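Shown next, in structure tokens, is the structure this report addresses.
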Number of protein chains: 2
Amino acid sequence: MRQKNFGLLLYLAQKCGLNNKCETSTIELSHEFNCSQQTISRKLRELQESGFIERNPSFAGTELMLTQKSASLIKNHVNQLQKVLSSNANALNLTGKVSSGLGEGNYYMSLPQYIKQFEKNLGFKPFPGTLNFKTNQFELEEFSKKLPLIEIKGFKDKKRTFGGLKCFKVRLQNYDDLALIIPNRSSHKSNTGELIAPDYLREKFKLKNGSRIKITA
Amino acid sequence: MRQKNFGLLLYLAQKCGLNNKCETSTIELSHEFNCSQQTISRKLRELQESGFIERNPSFAGTELMLTQKSASLIKNHVNQLQKVLSSNANALNLTGKVSSGLGEGNYYMSLPQYIKQFEKNLGFKPFPGTLNFKTNQFELEEFSKKLPLIEIKGFKDKKRTFGGLKCFKVRLQNYDDLALIIPNRSSHKSNTGELIAPDYLREKFKLKNGSRIKITA
DNA sequence: ATTACTAAGTTCCGAGTAC
DNA sequence: TGTACTCGGAACTTAGTAA
């Protein structure tokens with residue numbers, strides 16, 4: 001919506017239909033719409049000036065009809081809301097705010113032993129760097145719990161031990177070569193999520209620190 | 001609709017979905033909704049006080065979620081509009097204002113030669129009297145043109161000639177034992193339609209002179 | 001009976017600012 | 001960074017009327 005007098009327009013659509021002429025009057029409408037006759041008079045004029053309705057004086061009031069412009073607007077409005085009702089009803093998602101890349105992930109992404117496992121398990125060669133985002137710790141846990149787990153194993157070399165990490169395939173808008181990674185023993189705060197992908201996500205999605213992102217399952 | 005801040009609520013539904021928590025802030029929303037941070041702040045409080053959203057302060061802003069009350073309201077809103085889009089898209093109708101019974105029809109309804117034809121062609125015995133309504137002359141013609149014609153024949157007795165009339169089955173709300181009659185040579189103004197039915201319509205539908213009616217095909 | 005103008009009353013918005 | 005308060009002005013509504 002975001003259109004002046006849209007509420008009245010919707011009411012008129014329900015009263016008159018989209019392609020019908022409708023005999024009514026400002027007084028009648030004011031009773032039905034719970035406002036004054038003067039307000040209806042003004043609103044009808046505004047709707048007419050904006051090309052949303054057509055009016056003709058009639059034997060006792062006004063004959064009015066919604067224009068094609070109104071029909072399009074209303075159809076569009078309904079379509080948008082239908083999407084919300086259907087797709088979003090049970091869609092899993094997680095929102096957060098892009099933050100600077102201090103996560104552990106960047107380190108993992110430089111080690112061939114990890115990279116090989118990513119390639120094998122995710123089907124893409126990850127970009128050398130992670131996109132970090134701050135989110136709600138509890139939500140992050142709940143979100144990842146509901147997704148199929150891809151386990152990336154840790155390993156040892158002569159000097160030290162490298163920990164394993166959890167990995168989950170997710171989506172960002174329509175982009176689905178994307179995985180959320182959560183180190184098994186992370187040293188940074190767990191309100192941060194890390195994303196890996198074959199592309200440089202900051203560039204691809206024009207992201208800056210503070211940009212809001214919404215990842216879905 | 002007719003609900004305060006409904007516009008913002010719809011926006012939030014599109015942004016956050018119906019069952020999801022959503023990380024955002026008053027500033028972010030103010031940019032997206034084209035108003036000030038203060039206005040969003042107030043509107044969110046109002047929505048919260050009315051039980052349409054729930055909010056929790058979060059690491060950098062607010063986590064918000066629509067309540068079940070919002071979901072119901074929005075679903076209802078969409079349902080109503082869907083009805084408009086589907087049923088009303090090509091529904092034929094005619095609106096008018098009940099007027100006093102000075103039409104010719106009352107006379108016809110008293111003559112057995114006509115009554116027999118009505119019974120045969122319409123399947124009901126008409127109430128002795130017509131319900132007259134004023135409407136737009138052109139609309140009346142256009143409406144009746146699109147309906148199947150039932151012809152009621154005129155006749156002669158020793159004294160004079162009685163003219164024929166056109167008859168069309170129509171509906172008033174869910175009531176469909178109803179016919180619109182148009183005398184072939186009418187003496188009254190043709191912006192008046194006449195309805196016959198087995199019942200006394202004024203009583204059945206609590207109609208007075210001036211009441212608006214909408215008949216459909 | 002309408003519609004619509006003006007003027008006054010009311011609501012709403014946002015800049016400034018506190019926290 | 002955030003949210004939310006105050007308050008002056010803008011926007012909207014309506015009573016009284018004219019046409």
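For the numbers below, each heavy atom of this structure counts, side chains included, while hydrogens, waters and symmetry mates do not. Just so it is clear, the model here is predicted, and its values are computed rather than measured. The chains referred to below are lettered A, B, ... by the order of the sequence lines, with proteins before strands, and numbering in each begins at 1.
To the nearest 0.5 angstrom, B:S25 atom OG is 5.0 Å from A:R212 atom CZ. Here CG of A:L81 is found 11.0 Å from CG of B:N79. Values are rounded to the nearest 0.5 Å.
Contact of the B:L18 side chain with the A:L85 side chain is registered, since non-hydrogen atoms from C-beta on lie closer than 4.5 Å. In this structure, B:N184 and B:K166 have side chains that are in contact, with non-hydrogen atoms separated by less than 4.5 Å. Using a 4.5 Å heavy-atom threshold, the side chains of A:I181 and A:T130 count as touching.
Evaluation of the ring pair (Phe, Tyr, Trp, His ring centres under 6.0 Å) rule for B:Y175 yields B:F205 as partners, not counting sequence neighbours.
Using a 4.0 Å cut-off between charged side-chain N and carboxylate O, B:E28 and B:K15 make a salt bridge.
The aromatic rings of A:Y114 and A:F162 lie perpendicular to each other, with more than 60° between the two planes, well past the 30° mark.
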Produce a footprint string for nucleotides 5-19 of chain D: one letter per nucleotide, 5' end first; B if the base is under 4.0 Å from any protein heavy atom, S if only the sugar-phosphate is, - if neither. B------SBBBB---
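Note: NZ (A:K97) to C1' (D:dT1) measures 7 Å, nearest angstrom.
The footprint of chain B on DNA chain C, defined by a heavy-atom cutoff below 4.0 Å, extends from C:dC12 to C:dG16.
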